[in-house]
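Notes for the one structure printed next.
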Amino acid sequence: MSLFGFFRGGSAPVARERLQILLAHERSAFSQPDLLGVLREEILAALSRHVSFEPDKVQIKMDRGKSVSTLAVDIEIPNSHRATGAAAA
Amino acid sequence: MAQVLVVTSGKGGVGKTTSTAALGAALAQDGAKVVVIDFDVGLRNLDLVMGAERRVVFDLINVINGVAKLPQALIRDKRLENLHLLPASQTRDKDALTEDGIAKVIDELRSKFDWIVCDSPAGIERGATLAMRFADTAVIVTNPEVSSVRDSDRIIGLLDAKTLKAERGERVDKHLLITRFTPAAAARGEMLTIDDVLEILSCPLVGIIPESKEVLRASNVGSPVTLNDPLSAPARAYFDAARRLKGEPLPMVVHGDTKSIFTKLFARKAA
């Protein structure tokens, strides 16, 4: 171990923290393997009733945190083809 | 009554086969009648670690297919007459491993042995789930390292859901065996401590096997470490673990190769 390593402290606490967060999620129902796929399908289905967009231009990101997780859905909607269903609604 | 024990881990390379050989031998050295079964079809290695690789004639799949009778496939250990090996097949298709076939083999072994120790392959596929299927007791081999701990958590979930006992509403007795532990590194904060691993996995501890060159030396010569060098630190740790599996309450210590004051100090800290 280098002198620098000594002052910085060991990396084991980082390992412990990462494992605790990861396993808390993997043990929960939220970890069902296809959850993100299901969410993606359903979100896209709901959106497509109101706006038109390229399915390829949709990004779904998950960040699992210790007490809260975030699910970010980023959809690129072209200005020219807007509001097919939305106008009718 | 016979106990079916599965040695499992999810992750490969953490010491399942080494631990199967060492625990099987330790139980036999204590007088029990023991059979160790290799479930790693296609990649068998328990025969090699036990030093019986040149004596394999028939294997588990031959017995399941009816090509050989069970007594013909069992290899008696040269050093311990109450220790037997049932090798895995090296070439045949994994699909030959059927649940019914294994049920029959294990049933027959139950009447002949005190301990039936099943060495699981890595992964969570068929071979691994069949190895744990009939278990009464499980030893989960874990290294104090993130990927091994994560996979152990997965395996613990499978033991609670996919075993025959779990499906009957009973519980498989689960025991954590931490291998390749380096007390000094844990004390310096460079390696997960025993307490870290236990807290994360919340599973009772059955033993701590210290990192030791004796383990490699034993596999080099094809002998379980408890037979090859019974006084070495890993051998003493495996003997302790075997006694705990039989239900003896033993204080948990980290055995050291050297008896320096530092080793003792770290041992106390880790236990």
Side-chain angles (χ1 to χ4, degrees), chain A residues 1-48 55-76, chain B residues 9-11 14 123-125 129 140-162 166 174 176 178-203 205 208 210-211 254 262 266 269-271:
Chain A
M1 184 173 58
S2 69
L3 199 59
F4 179 68
F6 180 78
F7 287 118
R8 197 182 48 189
S11 53
V14 180
R16 178 194 153 100
E17 169 101 4
R18 289 177 59 221
L19 272 170
Q20 280 172 331
I21 294 173
L22 174 70
L23 294 183
H25 284 281
E26 288 192 342
R27 286 169 189 159
S28 73
F30 215 48
S31 74
Q32 51 173 298
D34 55 341
L35 179 70
L36 278 187
V38 172
L39 284 177
R40 191 191 139 93
E41 297 267 303
E42 292 187 7
I43 289 169
L44 294 193
L47 279 168
S48 62
D56 293 349
K57 299 285 171 68
V58 177
Q59 290 197 21
I60 299 189
K61 285 180 187 164
M62 173 80 107
D63 191 2
R64 299 172 172 90
K66 195 166 192 174
S67 48
V68 227
S69 298
T70 58
L71 180 69
V73 184
D74 193 339
I75 305 156
E76 192 180 304
Chain B
S9 71
K11 191 178 185 304
V14 296
I124 51 172
E125 303 297 320
T129 49
I140 301 124
V141 183
T142 306
N143 291 168
E145 177 272 326
V146 288
S147 54
S148 174
V149 173
R150 179 198 209 174
D151 291 357
S152 292
D153 191 71
R154 214 40 212 289
I155 284 291
I156 289 170
L158 290 180
L159 286 164
D160 287 336
K162 301 281 182 192
K174 300 185 295 289
L176 204 64
I178 299 180
T179 57
R180 311 201 71 165
F181 183 65
T182 312
R188 285 194 301 262
E190 294 163 3
M191 178 182 270
L192 289 168
T193 64
I194 299 297
D195 285 343
D196 286 340
V197 178
L198 293 182
E199 192 191 328
I200 292 166
L201 293 176
S202 26
C203 180
L205 183 65
I208 304 165
E211 173 75 62
V254 181
F262 287 109
F266 288 133
K269 215 167 181 174

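Keep in mind that the numbers below use all heavy atoms, side chains included, and drop hydrogens, waters and symmetry copies. Chain naming here is simple, since letters A, B, ... match the order of the sequence lines and numbering starts at 1 in each.
Summarising the geometry, atom CZ belonging to A:Arg16 is positioned 8.5 Å from atom CG belonging to B:Asp195; distances are rounded to the nearest 0.5 Å. A distance of 7.5 Å separates CG of B:Asp196 from CD of A:Gln20, quoted to the nearest 0.5 Å.
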TODO: With salt bridge (Lys or Arg N to Asp or Glu O under 4.0 Å) as the test, would you mind laying out the steps for A:Glu26 and B:Arg150 before giving the verdict?
DONE: CA-CA 9 Å; A:Glu26 288 192 342; B:Arg150 179 198 209 174; 2.5 Å; yes
- [ ] Check the pair A:Leu19, B:Leu192 against side-chain contact (heavy atoms from CB on, under 4.5 Å), reporting the backbone distance first and the verdict last.
- [x] CA-CA 11 Å; A:Leu19 272 170; B:Leu192 289 168; 3.9 Å; yes
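Taking both residues in full, the closest heavy atoms of B:Gly189 and A:Pro13 are given as O-CD, 3.8 Å, listed atom of the first, atom of the second, then distance.
Heavy atoms of B:Asp153 lying under 4.5 Å from chain A belong exclusively to its side chain.
Within 6.0 Å of CD on A:Glu41 lie no more than 12 heavy atoms contributed by other residues, nucleotides or ligands.
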